[in-house]
Amino acid sequence: MARLVVVSNRVPMPTERGPRAGGLAIALADALRPGSLWFGWSGRRSARTDHQPTMQEAGGVTYATIDLSETDYRLFYAGYSNGALWPLLHYRLGLVDYRTEEYEGYRAVNRRFAACIAPLLRPDDLVWVHDYHLIPLGQELRARGVRNRIGFFLHTPFVPPELVYALPQANEVLASFCAYDVVGFHTLGYRAAFLACMQAVPGIEPQRMPRVIVDPIGIDADGFAAMAAESLRGAEARRMKASLAARSLAIGVDRLDYSKGLVNRFEAFARLLAKYPQHRRRVSFLQVAPRSREDLGAYQALRQQLDRVVGDTNGQYSEFDWTPLRYMTRTVARRTLAGFYRIARVGVVTPLRDGLNLVAKEFIAAQDPDDPGVLVLSRFAGAADELTEALIVNPFNADEIAEAMHTAFTMGIAERRSRHAKLRARVHESTAARYCERFLSHLAPPLPAAGSQRVSELAAQAI
Ligand code: ADP
Ligand code: G6P
């Protein structure tokens, strides 16, 4: 079997203490086959920017990482990747902060990644590149003579041409997708938006188009369910359970990111307490929101805003023996997280936009099928395409989220079981392993030439 070479900016280093929040690294780590090589950023900033990666082995997987310089970090990671592409791909044009030198830094790091990876490749390796940090990597590898099959998967949404063209280098970035054999997205909608953008790029011949597939990511559902059941024996979950007494818990778990809709969610919880006083003292909300990308102004502003909203809500509704909203900004062990999901009566996943959202799947997998909690899910999370029996809400409408929380807290056992059974079946079917198998089945075999298909036909083609 061909060796798999995964490339992503963030690598879940096996030696790193504690969990690293972020869907990509977690889902792939759940599904990576032994013998694979994983290349990416070490997470460190240093002056050591030669082309010699540090190699480490764990669980049969070799991890090859390089450091970024301070300038790389500023231009490539904080700059173009997270200051321009991330907000753009999450429909937040107002937050796109773009500078030409950042695009140059972005291209330079992609070139350096290619220079480091090319000498490590064997002729029949399958190369699988992940996410918006590395869109031009395929092109840079091809420029170095790499002939291997190379696939790319985007973990964010994709946006229509009207938005993409806010990016001054839109044509260049879009054209660089043509270096890949396969390009994957979480949903049909993202794929359609991508194809519409590709049609708008001047001079792209149909035979240069990659194969474009839909392949929603998943979790290790069996493993996570077992961990959730088991973890209730953990000391932290026991403490949590005891502190809740007879109260019902709603839970949110998200990186502290403006795409996650946290302000509206907290506002919705306050409206729930205002409109339905019967929930006061009986329910509480736990939000776990590990800090993320803290060097960026938009993230610092969000944190301040959330501190204020949490303070206001708790100030208004707290009692001597009841704090309505608990808010933690650190990462917690996956096992503990699994236990909290299981204890929770309601899972609140209300991003304003989200590529897929693994938390929604983790919440479902963690429930006790005999007495399951209810998922409130944003219509703008990719996972809403699959998890249709959740209570689907418009995340911009705090009143609607509040109503859904009320429905969830008061839902009878029969309806909870019936919704959960369907959701659970889907989460156990569309796993991390299945995601990898599906992508690799498209990447591995020789593909028929796409030359016979026009770009417009590709746009209409269903998977
Ligand atoms: P994103 O990739 O945008 O962060 P996802 O919901 O797809 O969003 O993935 C987030 C992942 O990070 C999930 O697997 C979730 O369990 C994990 N995670 C989020 N918050 C924490 C935390 N505080 N501690 C540990 N893991 C976390
Ligand atoms: C999202 C992105 C990933 C990223 C993760 C954590 O899941 O799709 O590419 O790794 O967030 O963000 P960070 O900036 O810490 O890598």
Side-chain angles (χ1 to χ4, degrees), residues 6-13 16-30 40-43 68 73 76-83 85-87 89-90 129-135 152-158 185-186 216-221 223-224 227-228 231 236 251-262 286-296 298-299 326-341 347-366 375 377-378 381-383 387 432 435:
V6 171
V7 190
S8 62
N9 180 56
R10 183 70 70 186
V11 177
M13 290 303 292
E16 223 166 56
R17 264 194 272 127
R20 156 97 36 214
L24 180 167
I26 286 173
L28 276 175
D30 275 351
W41 177 35
S42 62
L68 291 183
Y73 178 86
F76 158 79
Y77 174 79
Y80 203 73
S81 298
N82 288 310
L85 291 176
W86 177 269
L89 292 169
H90 289 84
V129 180
H130 291 264
D131 236 356
Y132 56 98
H133 317 80
L134 301 174
I135 295 169
F152 178 87
F153 192 88
L154 188 73
H155 290 261
T156 67
F158 207 83
F185 296 94
H186 288 304
I217 203 167
I219 60 169
D220 167 15
F224 202 82
M227 188 159 68
S231 73
E236 208 167 344
I251 191 168
V253 175
D254 314 72
R255 272 182 315 100
L256 217 165
D257 194 294
Y258 50 76
S259 63
K260 302 293 184 180
L262 294 168
L286 171 66
Q287 177 65 51
V288 186
R291 294 185 294 275
S292 183
R293 306 175 193 164
E294 292 178 84
D295 296 335
L296 276 84
Y299 289 76
R326 300 168 200 217
Y327 167 58
M328 296 163 48
T329 61
R330 61 177 169 89
T331 56
V332 294
R334 269 179 90 57
R335 176 171 299 278
T336 308
L337 211 54
F340 285 156
Y341 287 137
V348 187
V349 180
T350 53
L352 305 179
R353 286 280 163 187
D354 209 335
L356 186 104
N357 196 289
L358 287 178
V359 167
K361 294 191 171 183
E362 290 169 357
F363 178 80
I364 295 298
L375 177 65
L377 179 61
S378 162
L387 304 182
Y435 159 77

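Both counts, for ligands and for their atoms, begin at 1 and track the order of listing.
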*If you measure from each heavy atom of His130 to ligand 2, is any distance below 4.0 Å?*
no
*Judging by distance only, is a nitrogen or oxygen of Glu362 under 3.5 angstrom from one on ligand 1?*
yes
*Taking side chain as C-beta onward, heavy atoms only, is Tyr435 less than 4.5 Å from Leu28?*
yes
_ligand 2 to Tyr77 polar contact by distance, N or O atoms, under 3.5 Å_ = yes
_Heavy atom of Val288, distance to ligand 1 below 4.0 Å_ = yes
*asked:* Using a 4.0 Å cut-off to any heavy atom of His133, which atoms of ligand 2 qualify?
replied: 9 (O)
_So if I apply the side-chain contact (heavy atoms from CB on, under 4.5 Å) rule between Leu256 and each of Glu294, Arg291, Gln287, Arg293, which one comes out positive?_
Arg291
*Do the rings of Tyr77 and Trp41 sit parallel, tilted or perpendicular, given the 30° and 60° boundaries?*
tilted
*Is the shortest heavy-atom distance from the side chain of Ser8 to the side chain of Asp131 under 4.5 Å?*
no
*N/O of Ser292 under 3.5 Å from N/O of ligand 2, yes or no?*
no
*Do Tyr132 and ligand 2 have an N or O pair less than 3.5 Å apart?*
no
_Heavy-atom pair with the smallest gap, counting every atom of Ser259 and His90_ = CB-CD2, 3.8 Å
_Mutual orientation of the aromatic rings belonging to Trp86 and Tyr132 [parallel < 30°, tilted 30-60°, perpendicular > 60°]_ = tilted
*Give a yes/no verdict on whether any heavy atom in Met328 is under 4.0 Å from an atom of ligand 1.*
no
*Please name the pair of heavy atoms, one in Ala298 and one in Tyr258, separated by the smallest distance, quoted to 0.1 Å.*
CB-CE2, 3.9 Å
*Under 4.0 Å from a heavy atom of Val253: give me the atoms of ligand 1 that qualify, with their elements.*
19 (C), 20 (N), 21 (C)
*Applying side chain to side chain donor-acceptor pair (under 3.5 Å), name anything that partners Ser292, two or more places apart in sequence or on another chain.*
Arg255
*asked:* Quick one, Arg353 and Thr156 - any side-chain contact, counting heavy atoms below 4.5 Å?
replied: no
*Taking only heavy atoms of Arg255, which atoms of ligand 1 are found under 4.0 Å from at least one of them?*
1 (P), 3 (O), 4 (O)
*Atom indices of ligand 1 within 4.0 angstrom of Leu337 heavy atoms, with elements*: 16 (O), 25 (C), 26 (N), 27 (C)
*Fit a plane to each ring of Phe224 and Tyr341, take the angle between them on a 0 to 90° scale, and name the class: parallel (under 30°), tilted (30 to 60°) or perpendicular (over 60°).*
tilted
*So which of Arg291, His155, Arg255 gets nearest to atom 1 (C) of ligand 2, if we judge by its closest heavy atom?*
Arg255
_Arg330 heavy atom under 4.0 Å from ligand 1_ = yes
*Which of the atoms of ligand 1 are close to Pro290, meaning less than 4.0 Å from one of its heavy atoms?*
20 (N), 21 (C), 22 (C), 23 (N)
*Under 4.5 Å between any side-chain heavy atoms of Pro351 and Ser378, yes or no?*
yes
_Show the atoms of ligand 1 that are less than 4.0 angstrom away from any heavy atom in Thr331._
22 (C), 23 (N), 24 (N)
*asked:* Heavy atoms only: which of His155, Arg334, Lys260 lies closest to atom 1 (P) of ligand 1?
replied: Lys260
*asked:* Minimum distance, heavy atoms only, to atom 22 (C) of ligand 1: which one of Leu356, Asp254, Val349, Val332 is it?
replied: Val332
*Is the shortest N/O to N/O distance between Asn9 and ligand 2 below 3.5 Å?*
no
